[in-house]
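These numbers were taken from a predicted model, which means no experiment stands behind them.
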Amino acid sequence: ELPKTPRAMGAVCAQAGLPGAEALENHCVCQDASSSCPVVGRHEKPDTAKHLPVLSDVQGEVTTVDNGEPLTSPSGAHVSPGLNSANVENEEPKDVNLLKDLDDDMNADVPRKVASSASVVSEASVAVSDASSPGTSSVVSSTGLSQASRTKPKAKKKTNGAKATLSKGSEESTKASAILIFDDGTGTQKTCTITCKPPGFAIRFPAMTVSRVTGPPASDHGIQEGWKLVKWGSSADALHALDSGQEKGELRQSYVSLIQGLTKARGSVRSSQHSQHSSAPEEVKLPASIPGKWAYDLEVSVLSAQNLRDADWGGKSDPYCVVSVQGRGKTTFKTKVVKNNQSPVWNHMERVTDLHDGDQLFFEVFDHDNLGKDARLGYTSIGWEELQDDSATLKETLVLEESGKKDKEPATMNVKINVLKRKLEMSSVTGSASVGMEKCYRLFVDLKFARGLRDADSFFGGGGSDPYCVCNIVGAGKAKFKTRALDNKTDPVWNESCVLGDFHKGDKLLFEVFDKDIGKKDDFLGKCEVSSQKVLAGFDSELKLQETGMVNKKPVEAFLSVAVKAQKRSAQGLAPFQGRRGLVDNGAVKYELEVQILSADGLRNADWLSSGSDPYCLVTVKGKGKSSVRTKTIKNEHSPLWRHTDKIEDFYHGDKLAISVRDADRMKHDDMLGQVQLQTEQLIPDGFEGDLKLRNTGWKDPENHPVFVTMVIKVISRQKVDS
């Protein structure tokens, strides 16, 4: 059947190798001689040797079959025989296809349950959105399953369904590969070679940016949302380029053909049957290779605690535990109070159904008091990344933070967690502050020096300026930084660095230089405003200051030397899993890691008597390895810039990497400003680079006050350990 629009007709012709739209005006292969056909009287029997593609008016999917039978989409186009139209009409094909596309993209080898259909359809297709008006369209490379119903049934055959076989083209391209070159947004190009389909990511046309990543092989290569595909092809000497000047339609077709030519991944072909009683798909069981897509149904048991401090003067503590989901989930429950006991046994179990990727289970132990506020005896947590094994029960002895214990024996508590179910979510909804960070950039600013400043303190031939520089974002961002003041300098050298974490497109960066004065308002020495475009591109140069004042009735020429580098923020701040657990025995491989701790931002003020905390970052191996890395302490700072690099030489497979940011205190225990923990599968084999969202930050509303640490972790070497 001919598509109803010229654009859809062009897509059909291009896929089937048929003549163009002009030739098809006098030619039809639909076998429909009714008056509904626009080409009455010019019908021919279709050539069944060709694979006739059919473009769905609803889904925009191009599907190729080999049996030559006409097909129909839910809107009325022909379909393969044997399908029950009543069942299909009651379905919601968009949601079903989305579940199945994600199913194929994530991991085809994992057992899963899908909605059944009465025919077996095993075919590789490329879903292409065919908008009627020009604009941005999306091409999703995946294994599609056409939802179809029959409009004009032929003579019924005694068969349970029509079977479609794999196209010969996919069998002939077993050795095909796709070379993809991406721009990661920082000016660095990364090359990935993919040998099978589905590739695990979606490309948005005509921008050629990655709109989503759904699993391997894309996740194995570290491909991320927002990356821009700049070159692609089947060999290094035959690459298509985004800036080659080709028509957008030609570029789009070249990419689609490249992906279609790949071999289908093992296990991606599946059979399904329509049920006459239920059209809704059953739960899809997928591995958690992409964070931000999962919700967890848990059975949480708070068992006991040991070595709690005595918070009551007249006796022992009366402890109880409060368990809460911190993040998107809001579940909270409390155990009973155990009187006069420093090692209470609760054995309390509750069901938690609203924990999501990025959330954590937070355990707080308190001493119950009849008068006054209950004293906290310590806290601990378990993050989403530790709940990835469906079949296993997590039973842990956790050390309580800030327990108030002065002896060497730590306070601990025992918990048990059963993962009853993991549910795939269709959308990833985060807190309001995190959503705002999707289009946000982090700025690394180096304030080097200024020269030619006027002498604002010169009177009776004495004194010079005491200059300092203020850098702040003008627009949606509110971050601000101030250097120290230098005495009697007209050419000050600061060499100070800062991180501004909330720069948005359209904002400007303002630099202002002042003369520090005592007893009166600071004198203004000049300013410079930098456009959003220049900031996002990055620069390292001298900026000419404006409004610098007059000396001897002549304007002062003064300059400020600044370097700025922009980096796009991650709204989620989660590290994806790069492989499955259990593939390598714990302790069987030892890795050497290079850890770069760059910065943190969004920290609370843990010191009452100062303008900010005194933060440092500590990275510790938990498990067989015992190494640790610590940065220097930066005084009075909410967004510290450490730029610290060190090595960890004894990270074993199965170990965890605990990352915490703390406030250094002399007279008391260092305050926790945030922590996170990475599993082995989040680091091996490709390491990690980017933002990590911290937990236990001390903010009362953590979703609206996200705290991030920025790190680069590289795997330098690996060595097999003999048993």
Quick one: does any side-chain atom of Thr331 pair with a main-chain N or O of Val352 as donor and acceptor, under 3.5 Å?
no
Test of understanding: with side-chain hydrogen bond (donor to acceptor under 3.5 Å, both in side chains), list the residues that count as partners of Gln342, not counting sequence neighbours.
none
Is Lys590 close enough and on-axis enough to Phe651, meaning under 6.0 Å and within 45°, for cation-pi?
no
Criterion side-chain hydrogen bond (donor to acceptor under 3.5 Å, both in side chains) on Asp670 and Tyr616, from CA distance to verdict:
CA-CA 10 Å; Asp670 291 350; Tyr616 66 91; 2.7 Å; yes
Applying side-chain contact (heavy atoms from CB on, under 4.5 Å), run through Leu673 and Arg604 and close with a yes or a no.
CA-CA 7 Å; Leu673 300 178; Arg604 65 184 174 93; 4.0 Å; yes
Do Arg662 and Glu401 meet the salt-bridge criterion of a basic N to acidic O distance under 4.0 Å?
yes
Any side-chain to backbone donor/acceptor pair from Asn341 onto Ser343? Under 3.5 Å, distance only.
yes
Run the ring-centre check on Tyr320 versus Phe366 and record whether the distance is less than 6.0 Å.
yes
Counting heavy atoms not belonging to Lys714, are there more than 12 under 6.0 Å from its NZ?
no
Relative to Phe182, does Lys190 satisfy both conditions: NZ or CZ under 6.0 angstrom from the six-membered ring centre, and within 45 degrees of the ring's axis?
no
Validation row, ring centre Phe362 to ring centre Tyr379 under 6.0 Å:
yes
Is the backbone of Gln682 close enough, under 3.5 Å, to the side chain of Gln578 for a donor and an acceptor to pair up by distance?
yes
His504 side chain to Ala476 backbone, donor-acceptor under 3.5 Å
no
Indicate whether any N or O donor in one side chain lies under 3.5 Å from an N or O acceptor in the other, for Asp446 and Ser497.
yes
State plainly whether the residues Arg695 and Glu385 are in salt-bridge range, i.e. N to O under 4.0 Å.
yes
Which residue pairs satisfy the ring-ring contact (aromatic ring centres under 6.0 Å, His included) criterion with at least one member in residues 673-700, sequence neighbours excluded?
Trp699-His705
Taking Asp183 for the side chain and Lys228 for the main chain, is one N or O donor matched with an acceptor at less than 3.5 Å?
no
Would you tell me whether His356 and Tyr296 have side-chain atoms, one donor and one acceptor, within less than 3.5 Å of each other?
no
Report the C-alpha distance between Leu678 and Ile659 in whole Å, list the side-chain angles of each, state the deciding distance to 0.1 Å, and finish with yes or no for side-chain contact (heavy atoms from CB on, under 4.5 Å).
CA-CA 8 Å; Leu678 297 181; Ile659 303 163; 4.1 Å; yes
Among Gln360, Gln677, Gln326, Glu364, find the one that has a side-chain hydrogen bond (donor to acceptor under 3.5 Å, both in side chains) with Ser381.
Gln360
Quick check: does any side chain N or O of Ser532 sit under 3.5 Å from a backbone N or O of Lys505, one acting as donor and the other as acceptor?
no
Does any donor atom in the side chain of Gln306 or Ser304 lie under 3.5 Å from an acceptor atom in the other side chain?
yes
Should we say atom CG of Asp585 is surrounded by more than 12 heavy atoms from elsewhere, each under 6.0 Å from it?
no
Any donor-acceptor pair under 3.5 Å from Trp227 side chain to Gly185 backbone:
no
Which of these passes salt bridge (Lys or Arg N to Asp or Glu O under 4.0 Å) with Asp601: Lys478, Lys693, Arg569?
Arg569
Using atom types as modelled and distance alone, determine if a side-chain donor or acceptor of Asp614 lies under 3.5 Å from a backbone N or O of Asn636.
yes
Does any N or O in the side chain of Asp663 come within less than 3.5 Å of the main-chain N or O of Asp671, such that one atom is a donor and the other an acceptor?
no
Electrostatic pair Arg351-Glu299, nearest N-O below 4.0 angstrom
no
Donor-acceptor pair, Asn418 side chain versus Thr393 backbone, under 3.5 Å?
no
Contacts of type side-chain hydrogen bond (donor to acceptor under 3.5 Å, both in side chains), residue Arg666, not counting sequence neighbours
none
Pairing of Arg422 and Asp297 as salt bridge, 4.0 angstrom limit:
no
side-chain hydrogen bond (donor to acceptor under 3.5 Å, both in side chains) between Asp607 and Ser613, intermediate numbers included:
CA-CA 6 Å; Asp607 295 333; Ser613 298; 5.2 Å; no
